[in-house]
2 protein chains.
Amino acid sequence: MDFSIGDMSRQTGVKIPTIRYYEKEGLLAAPVRSEGNQRRYGEADLDRLGFIKHARDLGLPMAAIRKLLELSEHPDRLCTDANRIANEQLAAVRQRISHLKKLESELARIATSCDGSHQVADCSILKAFGDHGQCAGEH
Amino acid sequence: MDFSIGDMSRQTGVKIPTIRYYEKEGLLAAPVRSEGNQRRYGEADLDRLGFIKHARDLGLPMAAIRKLLELSEHPDRLCTDANRIANEQLAAVRQRISHLKKLESELARIATSCDGSHQVADCSILKAFGDHGQCAGEH
DNA sequence: CTTGAAGCTCTAGTCGCTATAGATTGTAGA
DNA sequence: TCTACAATCTATAGCGACTAGAGCTTCAAG
């Protein structure tokens, strides 16, 4: 009927110190305690932690998750904010992808310019890291 | 002939507190000081800071940069290590890209499932964040 | 010589955890 | 019931790579 912090961790994949951290940060309510002062959680806590885990895996910062959790406590409101948060996060992920792709192509150029068999003095890798001029674009 | 910390910052795009931080961390040597205790840099420092900036922009962690800088001080050695560092970094970037692409498709699905015009109680965004079961794969 | 920009040091804060230490509690087997 | 050992507790510090702020001093142009 109720779970220890270890049960919560196993069920959600969130590590134990992280669960305590979420409690300290107010994402999870402080649960009831056993006689010996150990945390005892219920189903609702488990669901909430699962929500947090999934959102974190999707890259949402804790502030965004906090907002979504607040929202979900007001089922009568419009979900404009939830929609905005999801779209902002999507835009951020897309931007990160396009940035990383630029880096990928540049790193690939740098890495293949050297087979590791010669001396540092002539190494095109070290030259390339030092000299932005060879890069295709800005970064 | 020599530069203030502000000159260094303008020339490389590295912010002033960050330059001092790099010095504290040993990536930059402590430069000579003016009579009034202000930092005075030379061309070599400028080049070195430019190297660090470029490498950071490419996503290399400070530890890797430290290694490359050490390497460049031994021009007689083989550049095996430089090659390895570049390839490791490339692999890391590629992995991050593929991870982000998974997140992108999932977030896109979540974001388009809601136009923001209805009530939170029925919001598929909040449901989707709470339920991993709808996702295509692991993450 | 004055004034305002630029520099100095030091501390603390950011984000999202993770690690460690040392003490206490819960639980299963003998 | 006793014992052993796993699990949990609190509190603190560390990670990476900066960033911000306070309160002071120095530099350089007019």
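Note on naming: letters A, B, ... go to the chains in the order of the sequence lines (proteins, then strands), and numbering restarts at 1 for each one.
- Of the residues near DNA chain D, B:Glu35 and A:Gln38, the one whose nearest nucleotide (by heavy atom distance) lies more toward the 5' end is A:Gln38.
- The closest donor-acceptor contact from the side chain of B:Asp122 to the backbone of B:Gln119 lies at 3.5 Å or more, if one exists at all.
- Looking at every heavy atom in both residues, A:Leu107 comes nearest to B:Ala86 through CD2-O, 4.4 Å.
- Distance A:Leu27 CG to C:dC17 P: 9 Å, rounded to the nearest Å.
- Salt bridge A:Glu88/A:Arg84: present, at least one basic N to carboxylate O contact under 4.0 Å.
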Nucleotide by nucleotide, nucleotides 11-24 of chain D touches protein heavy atoms under 4.0 Å in the pattern (B base, S sugar-phosphate only, - none) ------BBS-----

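- Between A:Ser4 and D:dT8 there is a side-chain N or O to OP1 or OP2 distance below 4.0 Å.
- OP1 or OP2 of D:dC27 has at least one side-chain nitrogen or oxygen of B:Ser34 nearer than 4.0 Å.
- Remark: C1' of D:dT8 and CD1 of A:Ile19 are 12 Å apart, rounded to the nearest angstrom.
- Shortest non-hydrogen contact noted between B:Leu90 and A:Ala111 is CD2-CB, 4.4 Å.
- Against DNA chain C, the stretch residues 85-93 of chain B makes no heavy-atom approach under 4.0 Å.
- Side-chain N/O atoms of A:Arg39 include one lying less than 4.0 angstrom from OP1 or OP2 on D:dT10.
- No hydrogens or angles considered: a donor-acceptor pair under 3.5 Å links the side chains of A:His54 and B:Glu106.
- Between the side chains of B:Asn83 and B:Thr80, no donor-acceptor pair of N or O atoms lies under 3.5 Å.
- For B:Glu73 and B:Arg48, the salt-bridge test passes: some basic side-chain N is under 4.0 Å from an acidic carboxylate O.
- Here the side chain of A:Gln89 pairs a donor or acceptor atom with the backbone of A:Gly59 at under 3.5 angstrom.
- Within 4.0 Å (heavy atoms only), B:Arg10 reaches no atom of the nucleic acid at all.
- When the options B:Arg39, B:Met8, B:Gln38 are evaluated for a side chain to side chain contact (heavy atoms under 4.5 Å, CB included) with B:Pro31, the one that passes is B:Arg39.
- In this structure, the nucleotide among D:dT8, D:dC27, C:dG7 sitting nearest to the side chain of B:Ile5 is C:dG7.
- If you take CG of A:Leu58 and P of C:dG16, they are 14 Å apart, rounded to a whole angstrom.
- Distance CG/A:Leu46 to CG/A:Asp7: 9.0 Å, rounded to 0.5 Å.
- The phosphate of D:dA7 has neither OP1 nor OP2 within less than 4.0 Å of any side-chain N or O from A:Arg40.
- The separation between A:Asp57 atom CG and C:dG16 atom C1' is 13 Å, rounded to whole Å.
- Spacing between atom CG of A:Asp2 and atom P of C:dG26 amounts to 12 Å, rounded to whole angstrom units.
- Rounding to whole angstrom units, CE of residue A:Met8 and P of D:dC9 are separated by 11 Å.
- Rounded to a whole Å, the OH atom of A:Tyr41 is 12 Å from the C1' atom of D:dC9.
- The distance from atom CD1 of B:Ile16 to atom C1' of C:dA5 is 11 Å, rounded to the nearest whole Å.
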